[in-house]
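Okay, structure first, notes after.
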Protein chains: 2
Amino acid sequence: MINLGAKHENLDQKAYSIIKKMIIDRKLLPGEKIPQEKLAQDLGISRTPLVSALKYLENEKLVEAKPRRGYFVRLFTMQEMVSIFELREVLEGLAARRAAANITDAQIDELDRFFDPFKTIKNITDLRTYAREDRRFHSFVTEVGAKEFLKSILQTYNIISFSYQVVSSEGLIRSPNETISEHLAIVEALSRRDAVKSEDLMRYHFKQSIARLKEEIAAEATGTSVRVKPLPSMDSGQPSMENSL
Amino acid sequence: MINLGAKHENLDQKAYSIIKKMIIDRKLLPGEKIPQEKLAQDLGISRTPLVSALKYLENEKLVEAKPRRGYFVRLFTMQEMVSIFELREVLEGLAARRAAANITDAQIDELDRFFDPFKTIKNITDLRTYAREDRRFHSFVTEVGAKEFLKSILQTYNIISFSYQVVSSEGLIRSPNETISEHLAIVEALSRRDAVKSEDLMRYHFKQSIARLKEEIAAEATGTSVRVKPLPSMDSGQPSMENSL
DNA sequence: ATTTTGTATTTTGTATGCAAAATGCACTAA
DNA sequence: TTAGTGCATTTTGCATACAAAATACAAAAT
């Protein structure tokens, strides 16, 4: 007896996807209140499945419930963003380790072409394109190495990173000239299916960015820099899930 | 202006806590269907807040929703249990790292008394007491080192580990004689506030248990052993959240 | 002009009702 | 005996209704 997926996708699931996308695409901004009645009408559903969807988003931390006051798009402090990156460090490290163990020959071919346009350039200036490739790369590793639990957690925190857009310059914490070699080193370790090295390099990559992030925060505190801010608005052309490093 | 907590705790939160406890205490067993109408009546509430609570438990993975069929206490395969332990490896590793950085002098004193009754014994036979101490130890590290995000994730997976009771002999994967030295080494590193060492040792501790777990699974597959099974029933006297290693 | 108070309006939390789907069960056919 | 088949019963998903709480806002008091 086959159990055909068992997923009809109810209204709350659809609402969930739509609202999630609205947050990612910054149609709903951090801190903003979510108008239940209005949103329900816009989606053509009642409040019941809408609130269900909000519950999901609540433990995904994308949304915050204040009892008797409603739901708000969640806002993160800089300290919390650092915590999230520390989480991503160990989780993507694990994903890389598993990816090295699972990767197929075809996937290795695909992997080898990552960052191709940048391999020969000495000074990378096209931040937008590099940032996109960066996100695509992290997505790829997650896709190959993470399933079920790890995948769902990682997706959540990647979305937070991205939707909050901690950093300016296309979301890059460090310049491409600094990170390209790290990226290529990870690619190389994965190609060799070296699990330990892949994990180590991925964690090193994150550690470096976290250190920089902390510097930025310290600098901002002393008034030296003001690059760290949520964007005022933006339509992510490609709704990639990853934040760039 | 003070924002007094902002938590009145609605019915769904209460239901959530109660159901969670029922799963931990094995009043509801893995695979079992959750009878909405009946449970709602037992709790003296309507289905609306009950279903809300189930949504929470759903993305905590303690419960599984099959559309149009209802909610079921989630059941995990052995492979999934290994994945969960791999997750705990990196997450508790991170928790240990942070704990080493945050721990107070008072907490170090407390920590030093962990495993006291076992320090002088050459062959530990009281598995039950050791297992409890083990869980208490892991809880302590989580409490000191993990907050917000990390904490909530860890709690979830610790509960799964415990509620599913992967392993026999009080939930211990390896014998106390094997793990006591690892535990004491972690205690020592934390006391010295050595973040790197604390993380490394915690991960080593998990890696060892994971390796053993995989052996168990392989052995079970070839019919050598049958120790790995969900318990038929049991009232956890102390509802500790941690699974023992 | 600002703060406070009181009242009208909106929004939340929860129960309830109902159609559609799933389940259980008696009956029939092999 | 086992395997269908059709019908009655239960359960789910969702909309709706409504009391209690929160909010907005106007009038009064400082």
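Protein chains get the first letters and strands the later ones, always in sequence-line order, with residue 1 at the start of each.
In terms of position along DNA chain D, the nucleotide closest to Ile34(B) lies nearer the 5' end than the nucleotide closest to the other residue of the pair Gly44(A) and Ile34(B). Two residues, Phe72(B) and Arg47(B), neighbour DNA chain C, and the one matched to the more 5' nucleotide by heavy-atom proximity is Arg47(B).
Relative to the ring axis of Phe114(B), Arg136(B) places its NZ or CZ within 45° and under 6.0 Å from the centre.
At whole-Å resolution of the value, CD in Glu58(B) and C1' in dT12(D) are 14 Å apart. What separates CG of Leu11(A) from P of dT12(D) is a distance of 17 Å, to the nearest Å. In this structure, Asn10(B) atom CG and dA22(D) atom P are separated by 10 Å, rounded to whole Å. Summarising the geometry, the separation between CD on Gln13(A) and P on dT12(D) is reported as 17 Å, rounded to the nearest angstrom. The CD atom of Glu9(A) sits 13 Å away from the P atom of dG13(D) (whole-angstrom rounding). Note: CD1 (Ile45(A)) to P (dA15(D)) measures 7 Å, nearest angstrom. Computed from coordinates, the Leu43(B) CG to dA15(C) C1' distance equals 15 Å when rounded to whole Å. Protein atom NZ of Lys38(A) is 19 Å distant from nucleotide atom C1' of dT9(C), rounded to whole Å.
Not one side-chain nitrogen or oxygen of Thr48(B) sits closer than 4.0 Å to the OP1 or OP2 atom of dT14(C).
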Requested in this report: Scan nucleotides 5-11 of chain D nucleotide by nucleotide, 5' to 3', and note B when protein non-hydrogen atoms come under 4.0 Å of the base, S if they reach only the sugar-phosphate, - if neither.
Outcome: ------S
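Checked against side chain to side chain donor-acceptor pair (under 3.5 Å), Glu215(B) has no partners two or more places apart in sequence or in another chain. Legend: residues meeting salt bridge (charged side-chain N to carboxylate O under 4.0 Å, His left out) with Glu60(A), ordered by chain and number and at least two apart, are Lys20(A). By the side chain to side chain contact (heavy atoms under 4.5 Å, CB included) test, Lys207(B) is found to be paired with Arg97(A), Glu89(B), Arg203(B), residues two or more places apart in sequence or in another chain being considered.
The CD1 atom of Ile173(B) sits 12.0 Å away from atom NZ of Lys214(B), with the distance rounded to the nearest 0.5 Å. Distance check: Leu87(B) CG to Leu154(B) CG gives 9.0 Å after rounding to the nearest 0.5 Å.
Remark: Glu58(B) does not engage Lys55(B) in a salt bridge, criterion side-chain N to carboxylate O under 4.0 Å.
Rounded to 10°, the helix from dA1(C)-dT30(D) to dA30(C)-dT1(D) has 20° between the axis fitted to its first five pairs and the one fitted to its last five.
Two residues are said to be in side-chain contact when any heavy atoms from C-beta on lie closer than 4.5 Å; Gln107(A) and Phe140(A) meet this criterion.
Annotation: ring pair (Phe, Tyr, Trp, His ring centres under 6.0 Å) contacts involving residues 29-51 of chain B, sequence neighbours excluded, are absent.
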